[in-house]
2 protein chains.
Amino acid sequence: MTVSKTAEKSSEKPADAAKGRKDASEPQAEALQLGELSEQLGYVLKRAQLKVFENFLRCMASLQLTPAQFSVLLLVEKNPGRNQTEIASTLGILRPNFVAMLDNLESRDLCARIRSTNDRRSHILVLTDKGKAVLARAKKLVATKHEARLNDLLGQANREALLGMLAKIANEF
Amino acid sequence: MTVSKTAEKSSEKPADAAKGRKDASEPQAEALQLGELSEQLGYVLKRAQLKVFENFLRCMASLQLTPAQFSVLLLVEKNPGRNQTEIASTLGILRPNFVAMLDNLESRDLCARIRSTNDRRSHILVLTDKGKAVLARAKKLVATKHEARLNDLLGQANREALLGMLAKIANEF
DNA sequence: CGATATTTGGTATGGTCCATAACAATTATC
DNA sequence: GATAATTGTTATGGACCATACCAAATATCG
């Protein structure tokens, strides 16, 4: 075919081919049709994820915690005494990429690396007192400003159903 | 506080402090506790999204289409005669970043830029015949290998409910 | 009309995240 | 005790995302 390299003077456009704008007043050139895109799980999933992260960051602005950092703090608190490899891998973070992340958290005195006496290669991760305090405040912010909004939007039951299905996909897909 | 810079000889670890491994046979040092992490929507959402994209890429390996490329082809097919800015912005892609993407698709002869005669600044986007053929095959692959698997995992009704909730989050959050 | 502002596609560039290779120190294995 | 494996780390490159800027074309308005 090779598509004749020039085209269309608003030819077969049914609605507003005639003369002026179709809605009398204005500039917005009618929105595009999403079509099958809105049925693609991957597409909708990605979009929703971006929105959720965006909102998370806004809620955490005062504490300057990203979703990834928050997850690290949560996991270290729940599993004290573990080393970098263990924490990183259960979060799906590669060890090399985890180094800078920890450098950041440690420089802010939120967590600390402690050389293990069992295996002097490994660094045990622990939350500092400040880290525990910040995490506690973060949890409250997330619960009241972030997750609460999901409940408002979806309803408690739906929110839980959603979580369950996503977990199923994350684990069994 | 400042965390005494050395610690723990497997001290308060209840289970396997004694002598050997706790499970008799071997190496896996008991999995970490996810804890509240598994209740964080953002975390589970991201995890699920990664899995879905991963599976999508596997299904599309023969066509070499990424989720983003697939969405472009779908949108161009559904909305022929639109320019780069319109297609890019409804996909949430910034114009500068859309250029290389289109270069790629155009070099593979899947779509074409046509200088508009209405507005000689803009490039109208069109699928080539090859592009239409590839997209048709892509749709079949997605439907039979990708989305079908979701149905198996969640069930038709749940899959639709999931889609609805995610769309709600994407649009109204 | 003509001067100015806006829009479009594009380049350049920097940031963040993700992945791989390689390395020194330490520990495990045989 | 020699060799292999593991841990944290550096270096590096790719993919994706965001901003500033530019030339060509168009829109706006005095």
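The shown structure was predicted, so the numbers you read here are calculated from the model rather than taken from an experiment.
Rounded to an integer number of Å, the gap from A:N83 CG to D:dA5 C1' is 15 Å. Going from atom CZ of A:R121 over to atom P of D:dA5 covers 13 Å, rounded to whole Å. In this entry the distance linking CD of A:Q84 with P of D:dT9 reads 4 Å, nearest Å. As a whole-Å value, the separation of A:E86 CD from D:dT6 P is 13 Å. The interatomic distance linking A:R120 (CZ) with D:dT7 (C1') rounds to 13 Å, in whole Å. Regarding A:F98, its CZ atom lies at a distance of 10 Å from the P atom of D:dT9, rounded to whole Å. Whole-Å rounding puts the A:M101 CE to D:dG8 P distance at 15 Å. Following rounding to the nearest Å, B:H123 (NE2) and D:dA25 (C1') show an atom-to-atom distance of 11 Å.
Residues A:L163 and B:S38 form no side-chain contact, since every pair of their non-hydrogen atoms from C-beta on lies 4.5 Å or further apart. A 4.5 Å side-chain heavy-atom check between B:L162 and A:L166 finds at least one atom pair inside the cut-off.
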**Report entry** side-chain contact (heavy atoms from CB on, under 4.5 Å) assessment of B:E172 paired with A:L153
**Finding:** CA-CA 8 Å; B:E172 302 171 33; A:L153 186 64; 3.6 Å; yes
Requested in this report: Just do the side-chain contact (heavy atoms from CB on, under 4.5 Å) check on A:L125 and A:L102 with the steps written out, would you?
Outcome: CA-CA 9 Å; A:L125 297 183; A:L102 270 188; 3.7 Å; yes
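Against DNA chain C, the stretch residues 89-97 of chain A makes heavy-atom approaches under 4.0 Å through A:L94, A:P96, A:N97.
A 4.0 Å heavy-atom criterion places the boundary nucleotides of DNA chain C facing chain A at C:dC18 to C:dT27, written 5' to 3'.
The salt bridge (Lys or Arg N to Asp or Glu O under 4.0 Å) test with A:E77 is passed by exactly one of A:K139, A:R82, A:K132: A:K139.
Criterion: ILVMFWY side-chain heavy atoms under 4.5 Å apart, direct or through other members. Under it, A:F173 and B:L34 are part of a common hydrophobic cluster. With hydrophobic clusters built from ILVMFWY side chains whose heavy atoms lie under 4.5 angstrom apart, B:F53 does not share a cluster with B:L74.
At the phosphate of D:dC17, OP1 or OP2 sits under 4.0 Å from a side-chain N or O atom of A:K46.
In the helix from C:dC1-D:dG30 to C:dC30-D:dG1, the rotation axis of the first five pairs and that of the last five pairs differ in direction by 10°, rounded to 10 degrees.
Residue-environment remark: CD (B:Q64) stays at or below the threshold of 12 foreign heavy atoms within 6.0 Å.
Using a 3.5 Å distance cut-off with no hydrogens or angles, the side chains of B:E160 and B:Q156 do pair a donor with an acceptor.
With salt bridges taken as basic N to acidic carboxylate O contacts below 4.0 Å, one links B:R159 and B:E147.
Nearest-nucleotide positions on DNA chain D place A:D119 closer to the 5' end than the other of A:D119 and A:L50.
With D:dT9, D:dT7, D:dC17 as the choices, the nucleotide that has an atom nearest any side-chain atom of A:S122 turns out to be D:dT7.
Taking the six-membered ring for Trp and the full ring otherwise, the centers of B:F56 and B:F70 sit less than 6.0 Å from each other.
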